Amino acid sequence: MDLGGTKVRAALADLTGHIVAEEVLATDPRGGAAVAEQIADLIRSLAAQAGIEWTDVRASAVGSPGAYNPQTGAIDLSPNIASFDSLDLRQELVDRLGHPVVLDNDVNMAAFGEQWLGSGRDHRDFVFVAVGTGIGMGIVVNGELCRGARGAAGEISYLPIGTDPFDPANQVRGALEEAVAGATVAQRYEEATGECVSVPVVFERAAAGDAHAVAAIDDEARLIALAVVAVGAVLDPEAVVLGGGIGSRAEMLDPVRSWLTRLGTYAPAVKTSLLGHRAALIGAVAAARDAATCDGAADAASYRNGPPIESIPGSMERDRT
């Protein structure tokens, strides 16, 4: 399950990782327990669609916005889903589903997916930076996900870059997120032209040579490059994998690399995600598979490396393209 503030994407897979059913729904706007119920209903619905007996569903995994705190069970730093900071979501799901549930940050799940089948396959140390509606990062160190003391490692939206970090208005989502969140690309274009268009249209116009669209995208790349340098100074990863609705666009790669060159510091290799918008979902499949095959382990900290690449048939190989 890849849970977002507006959409929830779910897949049912067998123990080889082959997806047998998949569905996308709008996230219940009530948040909290209503979302927990929606997730449980959706998982049961997928099993019914696939003709799978419920007792044969061994484990579930959910990637959620925010920082999952294993000590409290709450999901902090998730302003787009109401009441998640006061709900033990994993326990709610265990109670409803009756089997082990892995819960982790959605970008961590995406990093796990990239490690399993994507652009992180060849790296023991890399970060996955998702740039879309917001910005977040999953960290893989020596082949394992790094979550931090409170599950908040990689919350780079709060880096003091791009906007005034002392302004309380920039402290809810974070200074960097205020500067790079998807809507700001369209806002930059509107400020330059007076025309309100969507982000995809900005990219279309940039491809057609519109100088204002090119400038709006280049400014986005500049801010991403600053974040990459900050992350590189602390973690020294082999590679940075860019994902999310904006980050995974091929047009972002060259301008980000160009700004990194201009910054004049050592920078890791920068790659585009191979899995695109499916990275978190595929990571969740891998995490659920691990939980289902290691004596019912249910804690997110129990999953490490995905199953062998060679074991993944059909649908997963198609996802890589």
Side-chain angles (χ1 to χ4, degrees), residues 1-12 22-48 54 57 59-110 112 130 132-136 138 147-155 157-158 168-169 171-174 177-178 181-183 244-245 277 280-281 283-285 287-288 291 298-303:
M1 185 83 61
D2 176 16
L3 174 64
T6 58
K7 288 187 298 187
V8 54
R9 186 184 304 273
L12 181 69
E22 188 170 350
E23 191 168 345
V24 181
L25 296 176
T27 303
D28 192 314
R30 293 174 294 174
V35 170
E37 188 67 27
Q38 180 184 34
I39 291 171
D41 288 347
L42 183 51
I43 294 172
R44 289 179 178 273
S45 172
L46 287 175
W54 180 248
V57 181
S60 297
V62 179
S64 169
Y68 170 60
N69 188 329
Q71 273 123 30
T72 66
I75 298 179
D76 301 319
L77 308 177
S78 183
N80 294 325
I81 302 180
S83 304
F84 260 22
D85 58 352
S86 59
L87 179 78
D88 187 337
L89 179 60
R90 193 185 73 80
Q91 190 58 53
E92 290 274 344
L93 293 174
V94 169
D95 292 344
R96 286 173 166 84
L97 298 172
H99 61 226
V101 175
V102 175
L103 182 62
D104 207 343
N105 171 265
D106 53 351
V107 184
N108 283 349
M109 284 293 190
F112 196 44
T133 304
I135 186 169
R147 300 177 180 82
R150 296 171 297 120
E155 291 292 335
S157 60
Y158 294 95
Q171 294 173 357
V172 178
R173 296 196 304 169
E177 185 159 309
E178 291 291 343
H277 70 277
L281 187 68
V285 168
D299 195 319
S302 68
Y303 74 92

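Please read these numbers as outputs of a predicted model, since none were measured by experiment.
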Derivation of the side chain to side chain contact (heavy atoms under 4.5 Å, CB included) call for I39 and E92: CA-CA 10 Å; I39 291 171; E92 290 274 344; over 6 Å; no

- prompt: Does any pair with a residue in residues 27-40 pass salt bridge (Lys or Arg N to Asp or Glu O under 4.0 Å), and if so which ones, sequence neighbours excluded?
  reply: D28-R30, E37-R96

field: G5 versus P65, closest heavy-atom pair with distance
entry: N-CG, 4.4 Å

message: Could you walk me through whether H277 and D2 satisfy the side chain to side chain contact (heavy atoms under 4.5 Å, CB included) test, starting with their C-alpha distance in whole Å, then the side-chain angles of each, then the deciding distance to 0.1 Å, before giving a yes or no?
response: CA-CA 10 Å; H277 70 277; D2 176 16; over 6 Å; no

Side chain S157, main chain R173, donor-acceptor under 3.5 Å: yes

query: Counting N and O atoms only, with roles assigned by atom type, does the side chain of T27 sit under 3.5 Å from a partner on the main chain of K7, one being a donor and the other an acceptor?
result: yes

Check: R150 main-chain N/O paired with Y68 side-chain donor or acceptor under 3.5 Å: no

For E22, side chain to side chain donor-acceptor pair (under 3.5 Å) partners two or more places apart: R278

query: Does A26 offer a backbone N or O that forms a donor-acceptor pair with the side chain of Q38 under 3.5 Å?
result: yes

Inter- and intrachain pairs under ring pair (Phe, Tyr, Trp, His ring centres under 6.0 Å), touching residues 76-101, at least two apart: W54-H99

- prompt: So, do R90 and L93 sit near enough that their side-chain heavy atoms are less than 4.5 Å apart?
  reply: no

field: Minimum side-chain heavy-atom gap L103-I75 below 4.5 Å
entry: yes

Heavy-atom side-chain proximity of N105 to R147 below 4.5 angstrom: no

- prompt: Taking the side chain from D88 and the backbone from A74, do they hold a donor-acceptor pair closer than 3.5 Å?
  reply: no

